[in-house]
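Notes follow the structure.
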Amino acid sequence: MPELPEAEYMVRRLVECAPEARIREATVLRASLIAPQSPDELAETVRGRRVVSYARRAKNVLLHLDKGWTLRVQLGMTGHFYWIADARVLPRFTRVWFALGNGAALVFEDSRTFGNLHVHRTEELAEVFAAYGPEPLEDGFSWQQLKASGARAKGPIKPFLLDQSKVVGLGNIWAAESLFAAGIAPGRAIPELDDAAWKALHRAIRKTLTAAIENAFRVTGSAEDFPEADLLACAVYGRPGAPCRRCKGPIERFVQAGRSTFHCPQCQR
DNA sequence: TCGATCCTGTAG
DNA sequence: CTACAGGATCGA
């Protein structure tokens, strides 16, 4: 599920739990997650490197290392990246782990193995992320910018929100939730959106993502827990047939661009 | 811009 | 057993 809020949550936990991490050794248990780099190349590059800072870009967790390297973790569908105190007890779906001092470790756990780890020269990151749209939680992100991203788009709004080249960070869950918060139907054609709708959507995206980050901390106790529980906070996602919290009418589900979409037909137009 | 696909786990 | 899953990418 990791979308922007979950990636942000992981980064903040890392800052708290492992601010001074130095990687002693990387162990790759599933080589396919490192492609196109080789596991050996990655392991050699990060060995002995100190984490200078943690950051997030879109849904990527970034570890800026000394000597100008950055480890980029693309979380995929089920990736979790977090610190554990005792590396002798690796989590069940650990695919890659990084031994630190004192027996601790950074773990990449990924049951479905759609994730990806890659090391880059830090100065080349801009090229890596060249295709990305704006960060929705940055101060400079405006409704005009969002509208401009959709200037030439013709399709329905929900698949547009999933397109990381338009705006980053939204996945299937928070796209559906943002549209509900904005009162816009997921099937609404982009050219039909007026300025009021773009404003509402812009506001809803920021509100939804911010609340999801806060909620992740509220429902989560320890570093290794993952905020699956934030699904409980959803207004439409995963609630087909359940009463809409606003109008009490039934939430509906349909498939759009190959993915489930949830919405309230009454509240979203 | 869409559909298929990568791979594995879990729910029904 | 079968169906389905929250991401990203590739080729049509």
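In what follows, chains are A, B, ... by sequence order, proteins preceding strands, each numbered from 1. All heavy atoms count here, side chains included; hydrogens, waters and symmetry mates do not.
Contact annotation: A:R259 does not reach the phosphate of C:dA8 (side-chain N/O to OP1 or OP2, under 4.0 Å). Considering only side-chain N and O atoms, A:S260 lies under 4.0 angstrom from the phosphate OP1 or OP2 of C:dA5.
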* Structure fact -> Here DNA chain B, pairs taken as Watson-Crick or G-U under 3.5 Å and shown with ( ), [ ] when crossing and | when to another strand, reads ||||||.|||||
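The interatomic distance linking A:F114 (CZ) with C:dC10 (P) rounds to 14 Å, in whole Å.
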Protein N or O to nucleotides 10-12 of chain B N or O, pairs below 3.5 Å:
residue : atom : partner : partner atom : Å
B:dT10  : OP1  : A:R92   : NH1          : 3.2
B:dT10  : OP2  : A:R92   : NH2          : 3.3

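Contact check on A:R57 versus A:E135 returns a salt bridge, with a Lys/Arg side-chain nitrogen under 4.0 Å from an Asp/Glu carboxylate oxygen.
Shown are A:R269, A:H263, A:Q268; of these, the side-chain contact (heavy atoms from CB on, under 4.5 Å) with A:P265 is made only by A:H263.
Below 30°, between 30° and 60°, or above 60°: for A:F160 and A:W198 the angle between ring planes is above 60°, a perpendicular geometry.
By the side chain to side chain donor-acceptor pair (under 3.5 Å) test, A:Y54 is found to be paired with no residue, residues two or more places apart in sequence or in another chain being considered. In terms of the side chain to side chain contact (heavy atoms under 4.5 Å, CB included) criterion, residue partners of A:A189 (sequence neighbours excluded) are, by chain and number, A:P191, A:E192.
For the segment residues 146-158 of chain A, the set of residues with a heavy atom within less than 4.0 Å of an atom of DNA chain B comprises A:A153, A:K154, A:G155, in numerical order.
In this structure a side-chain-to-backbone donor-acceptor pair under 3.5 Å is missing from A:R95 to A:R30. A distance-only check finds no donor-acceptor pair linking the side chain of A:R239 to the backbone of A:I251 [under 3.5 Å]. Put simply, the side chain of A:T122 gets close to the backbone of A:W69: a donor and an acceptor are under 3.5 Å apart.
Taking the six-membered ring for Trp, A:F93 and A:H80 have ring centres at least 6.0 Å apart.
Grouping Ile, Leu, Val, Met, Phe, Trp and Tyr by side-chain contacts under 4.5 Å, direct or through others, puts A:L62 with A:L125, A:V128, A:F129, A:Y132, A:V168.
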